[in-house]
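See below for the structure under consideration.
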Amino acid sequence: MRLFYLALFTLWLVITGCNSNKPAGENQTIIKGTINYPKSNKVYLFGYASTVDKYLLNKTAIDSAQLDNKGDYFFSLKRNKPDLFDLRNGTTDLASNLYLSPHDNLIINFPAPDQKPIVIENSDAAKYNQFIIDFIDSFYINPKIKHFYYIATNYLDADEYITYCNDRQNKQLSFYRNYFGSDDINPDFNKLMINDINYQSAVDRLMYAWKKRMKGENSKIDSSYYNFITPSLIENKEALESPAYMRFLYLYIKDKYERMVEKGELPRSKTEKLIPAVEVYKLATANLNHPYRDVVLYNLVLSDWKTINKKEYPGYSITPLDTLISWLRIQYPDKGI
């Protein structure tokens, strides 16, 4: 009898051991690995819980995993479409904006706090994620490049900054193409990466103009600076998965508003008080179609929502959009919203 129970127990161990390492099944996605110097005993997977969260670039914890005594973690999820995710341990972001697709089986190790994550190359998905890590390291973490991007560019004039942006964009595109060479690239991943590189360059251009405006140096930027903005750049259904595109849309409308204020085109009536949220709302609805308009409106109203006393508006939340617009009409009556 004891031998029977021992055999049964051994069989159970074999079965459970196999299940813990089973390959991804239908719509099942696996993320696992080792953290050598963890800050806490849990790892959190952050992602977009809804389309609204994606518009707001607001990732939330969608799952957590307990580290074992070796620092190993394991996630098993069901995914219906590709998306971006972050891994966080305690307050430390281990990796950001990694790429996750249905059926992926990713092994991501974290050797030390001052070292890049290592993705074990066992699939195309692994190579895509190692590319993202290497790309971020090359263009955002490398000390020399980071200093020039965040600090030194503030001292460039508009023409110099245009040249810098174009050069940086071309280097990033070349880095991407050379990384994969003649390999076939998943169309969704390819579209995401190309759009994110191109729209981040557009975001940088708009941010430079905003910084100059804040310093009172906006007169040094003329209309030719904005030649990169075209109708196809503004409303691009192929870019709706790109985080940089979300930032671009909001900054584009805000920049349009700020330039109208500079030119004296706003407020339209000199007797009216200028309310930025209302004017940006009107510009978004007049210049953008759905769903591009919604990206701007969610970001606009959430930004304004953060400034008011929530107790004065019981029953309102940041979603859905019609609720937000309803609140905006109450907050700013008789403003044509």
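Since the model is a prediction, treat every value here as computed from it, not as a measurement.
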Kindly say whether [Y] contributes a backbone atom to a donor-acceptor pair with the side chain of [X] at under 3.5 angstrom?
X	Y	value
D167	T163	no
N178	S174	yes
D137	I141	no
N129	A125	yes
S201	N198	no

Is it true that [X] and [Y] fall in one hydrophobic cluster, defined by side-chain heavy atoms closer than 4.5 Å?
X	Y	result
I31	Y44	no
Y128	L173	yes
I145	I136	no
F46	V43	no
I132	Y179	yes

Just so I know, are the side chains of [X] and [Y] near enough to count as touching, which here means a heavy-atom distance under 4.5 Å?
X	Y	answer
I197	F135	yes
K211	N154	yes
L87	Y73	yes
L274	E279	yes
I229	L206	yes
D196	N97	no
T34	N36	yes
I162	Y208	no

E241/K191 salt bridge by N-O under 4.0 Å criterion = no
Run the ring-centre check on [X] versus [Y] and record whether the distance is less than 6.0 Å.
X	Y	answer
F139	Y149	no
Y37	F110	no
F131	Y176	yes

Hey, what do you get for [atom1] ([X]) to [atom2] ([Y]), rounding to the nearest 0.5 Å?
X	Y	atom1	atom2	answer
I221	E262	CD1	CD	8.5 Å
H147	N142	NE2	CG	12.5 Å
T51	D294	OG1	CG	10.5 Å
K212	M207	NZ	CE	13.0 Å
E258	L266	CD	CG	11.0 Å

Decide yes or no on side chain to side chain donor-acceptor pair (under 3.5 Å) for N89 and S40, but give the supporting numbers first.
-> CA-CA 6 Å; N89 176 232; S40 74; 3.2 Å; yes
Nearest heavy-atom neighbours spanning [X] and [Y]:
X	Y	result
Q172	Y140	NE2-OH, 4.1 Å
A49	T60	CB-OG1, 3.8 Å
A244	Q200	CB-N, 3.6 Å
L240	P291	CD1-CG, 3.9 Å
Y245	A239	CD2-O, 3.2 Å
K59	L84	CE-O, 4.0 Å

Which class fits the ring pair F228 and Y226: parallel under 30°, tilted 30 to 60°, perpendicular over 60°?
-> parallel
Please state whether the rings of Y298 and Y55 are parallel, tilted or perpendicular, taking 30° and 60° as the class boundaries.
->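 The rings of Y298 and Y55 sit tilted, inter-plane angle from 30° to 60°.
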So with a 6.0 Å cut-off around CG of D184, is the heavy-atom count from everything else above 12?
-> no
Check the surroundings of atom NZ in K70: do more than 12 heavy atoms from other residues, nucleotides or ligands lie under 6.0 Å from it?
-> no
Is a side-chain donor-acceptor pair under 3.5 Å present for [Y] with [X]?
X	Y	value
R79	Q28	no
K127	N122	no
N195	E238	no
N105	S123	no

Worked check of salt bridge (Lys or Arg N to Asp or Glu O under 4.0 Å) between R259 and E265 = CA-CA 9 Å; R259 282 193 282 158; E265 297 172 5; over 6 Å; no
Please lay out, stage by stage, how I108 and I120 fare under the test side-chain contact (heavy atoms from CB on, under 4.5 Å).
-> CA-CA 6 Å; I108 308 176; I120 303 302; over 6 Å; no
Start with the C-alpha distance between D134 and K116, add both sets of side-chain angles, then the distance that settles salt bridge (Lys or Arg N to Asp or Glu O under 4.0 Å), and finish with yes or no.
-> CA-CA 8 Å; D134 293 341; K116 289 190 299 183; 2.7 Å; yes
Please report the C-alpha distance between Q66 and N41 in whole Å, then the side-chain angles of each, then the deciding distance to 0.1 Å, and finally whether the side-chain contact (heavy atoms from CB on, under 4.5 Å) criterion is met.
-> CA-CA 6 Å; Q66 193 81 21; N41 61 359; 3.1 Å; yes
Considering the options L106, D188, D83, which one meets the side chain to side chain contact (heavy atoms under 4.5 Å, CB included) requirement together with Y99?
->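 Single pass found, and it is D188.
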Determine, step by step, whether I30 and F75 satisfy the side-chain contact (heavy atoms from CB on, under 4.5 Å) criterion, reporting the C-alpha distance in whole Å, the side-chain angles of both residues, the deciding distance to 0.1 Å, and the verdict.
-> CA-CA 6 Å; I30 303 295; F75 290 100; over 6 Å; no
Could you walk me through whether Y164 and F148 pass the ring pair (Phe, Tyr, Trp, His ring centres under 6.0 Å) check?
-> CA-CA 10 Å; Y164 164 78; F148 200 93; 5.4 Å; yes
How would you list, by chain and number, every residue that makes a side chain to side chain contact (heavy atoms under 4.5 Å, CB included) with S96, sequence neighbours excluded?
->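 Testing S96 for side chain to side chain contact (heavy atoms under 4.5 Å, CB included), a comparison that skips the adjacent residues, returns D86, D93.
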Could you go step by step and tell me if Y252 and L233 meet the side-chain contact (heavy atoms from CB on, under 4.5 Å) rule?
-> CA-CA 11 Å; Y252 162 70; L233 187 78; over 6 Å; no
Would you kindly check if the NZ (Lys) or CZ (Arg) of R247 is within the cone defined by 45 degrees around the ring axis of Y199 and under 6.0 Å from the six-membered ring centre?
-> no
